[in-house]
Amino acid sequence: MRPPDEYITLSLPSNPKYLGLLREVVGRSAEIFGFSEEEKLSLMLAVNEGCANIIEHCYGRDPSQKIDVTLHLLPDRMEVELRDYGEYFEEGGRSICDEELREGGLGLRLMKSVMDEVVFRPAEREGTLLTMVKYRAARRS
Amino acid sequence: MRPPDEYITLSLPSNPKYLGLLREVVGRSAEIFGFSEEEKLSLMLAVNEGCANIIEHCYGRDPSQKIDVTLHLLPDRMEVELRDYGEYFEEGGRSICDEELREGGLGLRLMKSVMDEVVFRPAEREGTLLTMVKYRAARRS
Amino acid sequence: MRIRTRFQEGVAVVSIEGDVDMYTSPELRSALSELTGERVPRIVLDLGAVPFMDSSGIATLVQTLKEARPYGGEVRLAAPGKNVLRILELSNLMALFPIHGSVEEALRGEA
Amino acid sequence: MRIRTRFQEGVAVVSIEGDVDMYTSPELRSALSELTGERVPRIVLDLGAVPFMDSSGIATLVQTLKEARPYGGEVRLAAPGKNVLRILELSNLMALFPIHGSVEEALRGEA
Ligand SMILES: Nc1ncnc2c1ncn2[C@@H]1O[C@H](COP(=O)(O)OP(=O)(O)O)[C@@H](O)[C@H]1O
Ligand SMILES: Nc1ncnc2c1ncn2[C@@H]1O[C@H](COP(=O)(O)OP(=O)(O)O)[C@@H](O)[C@H]1O
């Protein structure tokens, strides 16, 4: 039986101490939806790196800001959305997909290497919306 | 150093398979905020029972409904809010605090025995808002 | 949650691994109902690997006792950890069930 | 995360327990900087109890290597689990660090 598509949303303070909790939620969701151990690690790593970037670059390590995480669980994939309320897009008007960022550090490279899609775009009103998609291998369940 | 007050919110489908994930979030939050092992278990149990009641009595085991959980972490206590979107209050107009419910089953009794406050009230627009408070023992941190 | 049942000296030893909650307790309930349905005279529940149990788990234990009593069956709990002990206590079940430190002790304990 | 450092046959064996991430890596970084600051010639990181490591953990490893190299110091990784191995791989670090199956092997391995 294929699971229906479901949403789990989680809002957290932009404090690194919550990264472990977030990984746990992602990991458990991946298990419930039948992702393999490797796929599960990929999802945990990508979400971790995405949030770490928000904490570091978008909020400048201010731990009192907010990060919204949405896990959209579909039969064949998990779509993860990370939303911040930073000034990034308002201030510079430049997109995080700029050439300069393509040469970014390790975090971004890891996200791109373990996920099938990684897209940044301006969120409604303010902030950035990062969408990442991970397909799961066909399973005989 | 006392931790500031912080919010963690989590929305989940009303499916019992997510109860473990929810307990994990509550338990980890309790740890981060310095609750004792026993207090942590109390919080996990109370939130579990509150959600199980929503799944069972409010949504009649329909797993496609939504439950919103807010953990408000304060220096001296955790305030937990469980919000459902059921018809309970609209239909009967009776409160879950009615005499009949005071003699309720084990779930409600457990919640009341491990938490310092357990209050049900109508949520905005529709559904029920269950607020539970747990104070933590003074700690020398 | 995983359940394994083995028979030892005529006693059904049911080892449970994982949380027993609203999601997993139906499976436990049916495993135990099978045993009481066959009027197994003694059931030992090994709770050593159960980190958490909720009211539906408690209800499952009570249900099993109710099914076993009419035929003189016995249900013993073995090796509950701190969390499960506390939940049994909070549910006022400590008097209802014989509780043993280990499966071996539960097997040795007299009727 | 917990860090314990012991000296064995002149080698600093740093045992890490728990996730190494943006929250915990600063503590690891300072523990390791202390060792490289004292020019400890050989450091073995026991990763056997590290379920997860993120890019800040990776950066910490690389940083330690950078600090050790100028004085000819060596940094070896021991007993990484599946997850940590995969993250090292994804970060293209497998060639940078000698990786050993156990602390004992790391201690025995030649320079
Ligand atoms: N959420 C974000 N908000 C603003 N800038 C970001 C964000 N995420 C990444 N960046 C930019 O992308 C660059 C690369 O990020 P990353 O790959 O994580 O490497 P690092 O964090 O090590 O610099 C960062 O230096 C930063 O300029
Ligand atoms: N969220 C809820 N919505 C509607 N009714 C509820 C809710 N929670 C509890 N109740 C009512 O309270 C009673 C007692 O609940 P509980 O203590 O969990 O025992 P049980 O679930 O075993 O009946 C239930 O039978 C139900 O009528």
Side-chain angles (χ1 to χ4, degrees), chain B residues 12-28 30-31 35-63 65 67 82 84 101 103-116 118 132 134, chain C residues 1-4 15-33 45 47-69 75 77 79-97 99 101:
Chain B
L12 292 166
S14 52
N15 191 321
K17 73 184 175 191
Y18 291 116
L19 286 173
L21 186 156
L22 173 60
R23 289 194 300 271
E24 188 74 30
V25 169
V26 173
R28 286 233 180 191
E31 274 171 24
F35 284 88
S36 71
E37 278 301 305
E38 184 173 330
E39 289 161 346
K40 173 182 156 187
L41 176 65
S42 295
L43 284 159
M44 290 168 73
L45 183 60
V47 173
N48 181 90
E49 295 302 327
C51 272
N53 274 357
I54 292 172
I55 293 171
E56 175 104 35
H57 302 299
C58 163
Y59 291 138
R61 294 214 170 230
D62 172 357
Q65 302 300 310
I67 303 174
L82 301 184
D84 64 55
L101 287 188
E103 331 214 293
L106 182 58
L108 219 50
R109 282 214 315 274
L110 285 174
M111 284 153 60
K112 289 184 175 166
S113 67
V114 297
M115 299 296 278
D116 294 309
V118 177
M132 298 189 279
K134 179 79 184 171
Chain C
M1 187 201 56
R2 276 183 21 162
I3 303 169
R4 273 167 311 141
S15 297
I16 308 163
E17 198 186 316
D19 291 352
V20 181
D21 67 4
M22 189 188 197
Y23 183 50
T24 57
S25 60
E27 194 188 332
L28 179 61
R29 189 172 288 222
S30 74
L32 294 174
S33 283
L45 297 183
L47 302 172
V50 177
F52 178 87
M53 180 178 284
D54 75 359
S55 66
S56 73
I58 294 290
T60 302
L61 298 188
V62 172
Q63 173 74 18
T64 307
L65 201 63
K66 279 189 185 158
E67 291 169 6
R69 272 191 175 157
V75 184
L77 308 184
K82 235 177 56 176
N83 285 358
V84 171
L85 267 184
R86 173 119 179 85
I87 292 162
L88 288 168
E89 248 170 46
L90 288 165
S91 312
N92 290 322
L93 285 195
M94 300 295 278
L96 260 189
F97 291 94
I99 297 176

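How far CG of C:Asp21 is from CD of B:Glu49: 9.5 Å, rounded to the nearest 0.5 Å. Within the model, atoms CG of C:Asn83 and NZ of B:Lys40 stand 8.0 Å from one another, a figure rounded to the nearest 0.5 Å.
Contact of B:Glu56 with chain C is made through backbone and side chain together, with heavy-atom distances under 4.5 Å.
With respect to C:Asp19 and B:Arg23, a salt bridge is recorded, a charged nitrogen being found less than 4.0 Å from a carboxylate O.
Shown are B:Leu45, B:Leu41, B:Leu106; of these, the side-chain contact (heavy atoms from CB on, under 4.5 Å) with C:Leu90 is made only by B:Leu45.
Closest of all the heavy-atom pairs between B:Ala52 and C:Met22 is O-CE, 3.7 Å.
Looking only at side-chain heavy atoms (C-beta outward), C:Ser91 and B:Leu110 come within less than 4.5 Å of each other.
Dense packing is recorded around CZ of C:Phe52, with more than 12 heavy atoms of other residues, nucleotides or ligands lying under 6.0 Å away.
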